[in-house]
Participant: 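Pasting a structure below so you can have a look.
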Amino acid sequence: MSAPRFLPHLPEETLAARQLAGVRRTVDQAMRNPVYRARLAAVGITSGADIASLDDVRRLPFTDVTDLRDGYPLPLLCVPERDVVRVHASSGTTGKRKILAYTRKDVETFALQMARCYELAGLTPEDRVQVAVGYGLWTAGAGFQLGSELFGALTVPVGPGNLDMQLQLLMDLKVTCLGATASMALLLAEEVERHGLRDRLALRKVIFGAEPHSLKMRRAFTEKLGLEAAYDIAGMTEMYGPGTGLNCEVGEGIHYWADLFLVEIIDPATLQPLPAGEVGEMVVTSLCKEAVPLVRYRTHDLTRLIPEPCPCGRAIPRHGHIRGRSDDMVIFRGVNIYPGQIADVLHAFPEAGGEYHIELTRSQGLDHMLLHVERATAAPADLDADLARRISDELHRRIMARIDVRLASPGSLPRTFSKAKRVTDLRLEDGERAG
Ligand code: ADP
Ligand code: ZN
C-alpha cells in the first residue's frame, strides 16, 4: 500500500497536545462572537489560555441546535461577514433549519475530510465516483464532490433520485464507487436486480451515510450490487458536512478525524460524561473551524467511543456507528425505544427483511405500536402469522414492550431517495388532542 496522502497519523502520545492547542484556538475564535463571549465569560473563561488541560473542556458551556436557529441567518459567526465564502443548510430531518457559514479555509478542510474518507475506503485516482446525494443547500453533494476532486477521482455529480439516469451513467462511465444514503443505495440495488444489470456494472464500493442503517440493509445492497465493500460515512452540517469519519476494511466502528474535532460522550439526561465505551450522546468541539467554531456542540447522535486500537493498525481513533438520535426516541407505555433497537431484534430473524416502519396510535387512552416488517425475499408468505408472533415475542423479551407485528411483501414499504423515516406517531391525532 502506498503512503497516505490525506489520512492523518494520530498516535496517543501527540494527539492530546494537538487537541489541547485546537481547543484553545477554538475558544479564542469563539470569543469573537457576542453570544459565545457572554456564555464563556459566565463560566470565567476569557481566552483560550484559560484552558489548562483537556479535562478543562468540561468547564465549557454546551451549545445546541437552538443556538444555531436563534442566530438565524448567520448564527455563531466568528469572522467578519466578508470572510464568508459559502453557506450550507441542513436537511432539516428534525424540522430545524440551520444555516452554517464557511470561510475559504473551512471549505478546504471540508474537502480534506472527505478526501480522507475516499483514501480510507481504498480508492485511487483511477476510481470513478458517482455522487447520488443531495446538492444545493445541503452539504452532502458538495462534500462528496469537493473531496473526490481533491482526491483526484473522476466525479459524476448526479444528485439523488432519477434511477434511470443513475443506472445509465453507472454503466456508461464504468463508475466504481457510489456515494448515496443507505436508502438510496437499496433502491438502486433493487432496480439493478429487477433489470438483471449487475454484470454490466463496474461498481465495487458504496460509501453510504446520512442515516442509521441496519446490517440487513447493508448486506442487501452489497449483495444485489455485487460490491467488494460498503463504507458507512458519518458527518453533519455543523462539522462542515459529510466525511467526519468512515469505517475501515477490518475494524468495527468509524475512524474519525480527531485532529479536526474532539469527541465527548455524555448522558443526555444528566449531561455528565459517561465511562469510556458506553453509549451516549456525542458532543463535539471543533479544533480548526473558522467561521462557526463548535464549542461542546450537542449532536443528539447516539454512539460510543471505541477505546481499543483498531486491528487495521491505523493510529486514528474510532467511535461506534451512529445508532440514532436521542430525539428519535419514542416513549411507548413508559418504555424508551429507539428505532435502532427494533432493527437489532429483526437482525436475528433471517425470514425478515431489513425494512421496517413503526406506527404509533392511541385509542381509549392506550398506546398501540404496530411494526410493519418486510418479509425476506425467499421467505414464504404462508408462515407470516407464526413469524409475526415470534418477532413480537422477541421484542417483548428484549425491549419489554408489547408490539404488534405485521409482515409486508418484499419491496412494499415506502422507499426514499434520501433519509428513511422509520416512525409515524399518530397518537395525538386519535382523539386526544388538547381542547
Ligand atoms: P439534519 O438531518 O439533522 O437536518 P444533517 O443533514 O446535517 O442534519 O444530517 C446530520 C445528521 O444525520 C447527523 O447528526 C446524524 O443524525 C445523521 N447521520 C449522518 N451520517 C450518519 C450515519 N453514517 N449513520 C447514522 N446517522 C447519520
Ligand atoms: Zn481500522
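Here, residue 1 is the first one in the sequence, and each next residue gets the next number. In each ligand, atom 1 is the first atom listed, and ligand 1 is the first ligand listed.
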Participant: Would you check if the side chain of Arg25 reaches a backbone N or O of Leu287 as a donor-acceptor pair within less than 3.5 Å?
Facilitator: yes

Participant: Under a 4.0 angstrom heavy-atom cut-off, which atoms of ligand 1 come close to Thr237?
Facilitator: 5 (P), 6 (O), 7 (O)

Participant: Which class fits the ring pair Phe208 and His213: parallel under 30°, tilted 30 to 60°, perpendicular over 60°?
Facilitator: perpendicular

Participant: Taking 4.0 angstrom as the limit and counting only heavy atoms of Ser90, give me the atoms of ligand 1 inside it, by number and element.
Facilitator: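 Those qualifying, in numeric order: 4 (O), 8 (O).
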
Participant: Would you say the side-chain atoms of Ser286 pair up with the backbone N or O of Leu294, donor to acceptor, closer than 3.5 Å?
Facilitator: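 Flag set: sc Ser286 to bb Leu294 pair under 3.5 Å.
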
Participant: Which atoms of ligand 1 sit under 4.0 Å from any heavy atom of Arg325?
Facilitator: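 Under 4.0 Å from Arg325, ligand 1 has these atoms: 3 (O), 11 (C), 13 (C), 14 (O), 15 (C), 16 (O).
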
Participant: Angle subtended at the Zn ion (ligand 2) by SG of Cys310 and SG of Cys312, to 10 degrees?
Facilitator: 100°

Participant: Any nitrogen or oxygen of Ala210, main chain or side chain, under 3.5 Å from a nitrogen or oxygen of ligand 1?
Facilitator: yes

Participant: Considering only heavy atoms of Asp301, which atoms of ligand 1 have at least one such atom less than 4.0 Å away?
Facilitator: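 Under 4.0 Å from Asp301, ligand 1 has these atoms: 13 (C), 14 (O), 15 (C), 16 (O).
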
Participant: Is any side-chain heavy atom of Leu40 closer than 4.5 Å to one of Arg59?
Facilitator: no

Participant: May I ask you to test the Glu193-Glu223 pair for a side-chain heavy-atom distance under 4.5 Å?
Facilitator: no

Participant: One residue to check: Thr139. Relative to ligand 1, which of side chain, backbone, both or neither has a non-hydrogen atom less than 4.0 Å away?
Facilitator: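 Within the 4.0 Å criterion, Thr139 makes no contact with ligand 1.
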
Participant: Test side chain to side chain donor-acceptor pair (under 3.5 Å) on Asp127 and Thr176; report intermediate values, then the result.
Facilitator: CA-CA 6 Å; Asp127 274 285; Thr176 56; 2.6 Å; yes

Participant: Is the cationic atom of Arg296 (NZ for Lys, CZ for Arg) positioned less than 6.0 Å from the six-membered ring centroid of Phe62 and within 45 degrees of its normal?
Facilitator: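 Judged by the rule (NZ or CZ under 6.0 Å from the ring centre, within 45° of its axis), Arg296 counts as positioned above Phe62.
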
Participant: If you have a sec, read the angle at the Zn ion (ligand 2) from Cys248 atom SG over to His255 atom NE2, to 10 degrees.
Facilitator: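 It comes to 110°.
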
Participant: Which atoms of ligand 1 sit under 4.0 Å from any heavy atom of Gly209?
Facilitator: 23 (N)

Participant: List ligand 1 atoms under 4.0 Å from Met236, heavy atoms only on the residue side.
Facilitator: 7 (O), 10 (C)

Participant: Heavy atoms only: which of Gly324, Gly235, Gly245 is nearest to atom 19 (C) of ligand 1?
Facilitator: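 Selected option, by shortest heavy-atom distance: Gly235.
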
Participant: Within the structure, is a non-hydrogen atom of Lys98 found at a distance of less than 4.0 Å from ligand 1?
Facilitator: yes

Participant: Quick check against the 3.5 Å criterion: does Asp344 have a side-chain atom that pairs as donor or acceptor with the backbone of Gln341?
Facilitator: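 No; zero donor-acceptor contacts below 3.5 Å.
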
